[in-house]
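As structure tokens, the structure follows; a few thoughts come after it.
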Amino acid sequence: MGIEIKLKDGSPLQLKNNVSAYDAAMAISENLARNVCLAKVNGVDVDLRTKLNDGDTLELLKFEQKAGKKAFWHTSSHIMAQAIKRLYPDAMLAIGPAIDNGFYYDIDIEQNFTNDDLEKIEKEMQNIVKENLQLEFYTLSRDDALQWAKDINEDYKVELIEDLPIDETISFYKQGNFVDLCAGPHLMNTGMVKAFKLLQVSGAYWRGDEKNKMLQRIYGISFPDKKQLKEYLVQMEEARKRDHNKLGRELGYFTTIDFIGQGLPLFMPKGAKTLQILERFVEDEEQKRGYQITKTPLIAKSDLFKISGHWDHYRDGMFIMGDPEEKDGETAYALRPMTCPFQYQIYKAETRSYRDLPIRLNETSTLFRNESSGEMHGLIRLRQFTISEAHIMVTPEQLKEEFLGAFDLANFMLEALGLDQDVSYRFSIWDPDNKDKYIGDPQEWQNAQDAMQAILDSTGIEYETGIGEAAFYGPKLDIQIRNVFGKEDTLITIQIDFQLAERFDMVYIDSNGEKKHPHIIHRTSIGCYERTLALLIEKYAGALPLWVAPEQIIILPIAEKHVQGAKDAASRLTAAGFRVKVDSRNEKVGRKIRDAQLEKIPYMLVMGDQEIENKNYSVRQRKAGDLGTMIESDLIERLQHEVDTFAKD
RNA sequence: GCCUGAGUGGCUCAGAGGUAGAGCAAUUCACUCGUAAUGAAUCGGUCGCGGGUUCGAUUCCCGCCUCAGGCUCCA
């Protein structure tokens, strides 16, 4: 008697009774069994040790598949934990999952791990891999599991088990004499993890709560062979070269001065120019789409922020001038962390009819947020930054259309910037277990979230749900962009707010003559300009598309006698609307080209006797190289076309 | 705010308990040059800041600031 299962390609496979997915892999080929990381049985990812039943469909996943990687890295983290326990028996283990790029384990230990320790741990991991320990799976009752954790003084494991349901059966994996509480799935043995590297050690609060003890987290990466590890490390090295924080400084976009303060970059002419281009572009596009621009104060009395809820829910993030306690009737002022309450006053300054809605108010909004000192990072997290903010006041009937309008604008921006392939969407909802963080009652939250979810589902986009990621006044759609290191940051956000209109007593008169509170959409179309600049620098490795490049054309006179001709040409091209400079240094043309290439200037025009005599340009493009000669009108047409189409090279 | 690591001329980096070097950049001069580095000379740092130890500190110790990567938080 045996069973028959169906493989991914539809072909049947005969097997004995009571065999596992791994046995099936062995039956197919030993080579496959050597490389398989995970099984997918009837469409569900499961451990390879899972027993198969007659009629099951089976897919075997290797490291190349995402889920296979996860299992691989999860086992890698166990290998690291085992090595740590061998070297430092007093270490207590917390959690050690696989992540998007590798794995980590959180460890509680007296001593601080140094790079030397990491090397030691790597050596011991090498041994564990060589020993090729089999991973055994077994389960225990909750009580037995608790006893196990207590016996070996694994306090964090005790806590983890205690949080599991009373009648839960708890699974374990054992390799050699190392046992870890774990839901799996895992590889079959430790021998598969042929190449790994421990990347860094950092602190991490137990359970992510800053009130808890800080543990030491070791991050690592691993691969089935050494070549892949090498490639990965080279790739990381390449990414570091594109890092906006390095490139942006090298290319003279921005700098920081330590006595000015953290998170307060200074934009030099090139950086400021690109920011200006982006701001104008956004403002123009918003005007086309029916927005009205406002300009509101950067500071306000605390009174405003008390009404908006910022004083109670966002004060830690605000720069406050004067005594926040406001003793003796003094009034504190604060730098604005958001523009919403200011724009609401513009809405309120007139009586609004339902016929006036939707009202779309945009503002190029400079904001100030007092981020904790460890938060700042390049141009990604700042204490002063500027966003393309807008608030759209709508009737309930207009909510969907206006939300989709904002979404369309966001997509338009992402396409223009060439970032549309790097996005992911997050539906950020509140955390019902942490109500203090939010204003409004649960029903209103539910309504706002339901409304947003319905709209999101109607667009067909794929999104993940971020619990506890909402703003304090409402749910958000966060449009996130991956940077060179694969890390995601929110660039654009569209939020639905059913709360603040009431707080601020914003009304419109509906068709029955009744006063109603509008719904409000908070949205950005490019989000934070500084962050956008950072992402552009990384995306294009500093070679910004022509339309956003701070310097578009550099003219390279061959000898001193050509400088005047170059300057004349620069004036003409500047008049035609381009950003042009002349390299009038006493250098050879090869040198000038090299420097212009390193500056990533899109177009170089070499100018010598021939060009001056023939009234044309010898055109060189930073990527394509020498394009030959062109007359001025052709050159202008070519460049204008690139600008108009947001060409990416 | 917490953890780990780092801070030497504009940039990249070397160095060591006895008061600092290289390359690039910059400046000047010569060359007047055709698609990724012409040559020479010169300038430039109280070694992140403040304390302490020491005869002497940039080097050792302490505190702070800034930067990087994490955690928490977030555009």
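Side chains included, hydrogens not; waters and symmetry mates left out as well; all remaining heavy atoms used. Reminder, nothing fancy here: chain letters follow the sequence lines and each chain counts from 1.
Heavy atoms of A/Lys476 sit under 4.0 angstrom from primed sugar atoms or phosphate atoms, though from no base atom. Within 4.0 Å (heavy atoms only), A/Gly378 reaches sugar-phosphate atoms of the nucleic acid but no base atom. As judged by a 4.0 angstrom heavy-atom cut-off over every strand, A/Gln262 is placed among residues touching the sugar-phosphate backbone only. Base engagement by A/Ser373 is indicated by at least one non-hydrogen atom pair under 4.0 Å involving a base atom. Within 4.0 Å (heavy atoms only), A/Gly208 reaches sugar-phosphate atoms of the nucleic acid but no base atom. If you check every strand for non-hydrogen atoms under 4.0 Å, A/Glu611 touches a base. Across all strands, A/Leu367 comes closer than 4.0 Å to no nucleic acid atom at all (heavy-atom distances). If you check every strand for non-hydrogen atoms under 4.0 Å, A/Glu371 touches a base. Nucleic acid contact for A/Val606: base, since at least one base atom lies under 4.0 Å from a heavy atom of the residue. Across all strands, A/Asn586 comes closer than 4.0 Å to base atoms (heavy-atom distances). Base contact: A/Ile558 has a heavy atom under 4.0 Å from a base atom. Residue A/Gly590 is classed as a sugar-phosphate contact, given heavy-atom separations below 4.0 Å to backbone atoms only. No engagement by A/Glu530 is indicated, since no non-hydrogen atom pair under 4.0 Å with the nucleic acid exists. Among the heavy atoms of the strands lying under 4.0 Å from A/Ala559 is at least one base atom, whether or not backbone atoms are also near.
With both pairing distances under 3.5 Å, B/rA68 is matched to B/rU4 as a Watson-Crick or G-U wobble pair. Of all nucleotides present, none satisfies the Watson-Crick or G-U wobble test against B/rG44 with each distance under 3.5 Å. With a cut-off of 3.5 Å on both Watson-Crick or G-U wobble distances, the partner of B/rU58 is given as none. Nucleotide B/rG23 is matched to B/rC11 when pairs are restricted to Watson-Crick or G-U wobble geometry with both distances under 3.5 angstrom. Nucleotide B/rA16 is matched to nothing when pairs are restricted to Watson-Crick or G-U wobble geometry with both distances under 3.5 angstrom. Pair assignment for B/rG63 gives B/rC49, based on Watson-Crick or G-U wobble hydrogen-bonding distances that are each under 3.5 Å.
Between B/rU53 and B/rU58, the two P atoms lie 14 Å apart (nearest whole Å). Here, B/rU38 and B/rC24 have their P atoms 11 Å apart, quoted to the whole Å. Of the C1' atoms belonging to B/rC3 and B/rC73, the separation is 16 Å, rounded to the nearest Å.
In this structure, A/Tyr219 reaches the B/rC71 phosphate: one of its side-chain N or O atoms is under 4.0 Å from OP1 or OP2. In terms of phosphate contacts, A/Asn112 brings no side-chain nitrogen or oxygen within less than 4.0 Å of OP1 or OP2 of B/rC3. Taking side-chain N and O atoms only, A/His562 has no distance below 4.0 Å to OP1 or OP2 of B/rU32. Side-chain N/O atoms of A/Lys211 include none lying less than 4.0 angstrom from OP1 or OP2 on B/rU72.
The CG-C1' distance, from A/Leu199 to B/rG70, rounds to 12 Å in whole Å. Between the CD atom of A/Gln216 and the C1' atom of B/rG5 there is a distance of 13 Å, rounded to whole Å. Taking atom CD on A/Glu375 and atom P on B/rC2, their separation rounds to 12 Å, with Å as the unit. As a whole-Å value, the separation of A/Asp258 CG from B/rG10 P is 13 Å. Atom CZ in A/Phe259 sits roughly 12 Å away from atom P in B/rU66 (whole-Å rounding). With rounding to whole Å, A/Met604 atom CE is found 18 Å from B/rG34 atom P. Distance CG (A/Leu419) to C1' (B/rA75): 15 Å, rounded to an integer number of Å. Rounded to a whole Å, the CD1 atom of A/Ile218 is 12 Å from the C1' atom of B/rC3.
Figure legend: A/Arg289 and A/Phe412 shown as a cation-pi pair, the cationic atom lying under 6.0 angstrom from the six-membered ring centre and within 45 degrees of its axis. The side-chain tip of A/Arg620 does not point at the ring of A/Tyr603 from less than 6.0 angstrom away and within 45° of straight on.
A/Glu469 and A/Ser428 share no side-chain donor-acceptor pair at under 3.5 Å.
In this structure, A/Asp478 and A/Phe485 both approach RNA chain B, and ranking their closest nucleotides by distance from the 5' end singles out A/Phe485.
You'll find a donor-acceptor pair under 3.5 Å spanning the side chain of A/Tyr205 and the base of B/rG1, going by distance alone. At a cut-off of 3.5 angstrom, the base of B/rU4 holds no donor-acceptor pair with the side chain of A/Gln200. Between the base of B/rC71 and the side chain of A/Arg217 there is no donor-acceptor pair shorter than 3.5 Å.
Residues in residues 247-278 of chain A take part in no ring pair (Phe, Tyr, Trp, His ring centres under 6.0 Å) pair, two or more places apart or across chains.
From A/Ile380, atom CD1 reaches atom OG1 of A/Thr490 across 10.5 Å, with rounding to the nearest 0.5 Å.
Aromatic ring centroids of A/Phe113 and A/Tyr88 lie under 6.0 Å apart.
The shortest heavy-atom contact between A/Pro550 and A/Leu544 is CD-CD1, 4.1 Å.
At a threshold of 4.5 Å between non-hydrogen side-chain atoms, the residues A/Leu379 and A/Leu533 count as touching.
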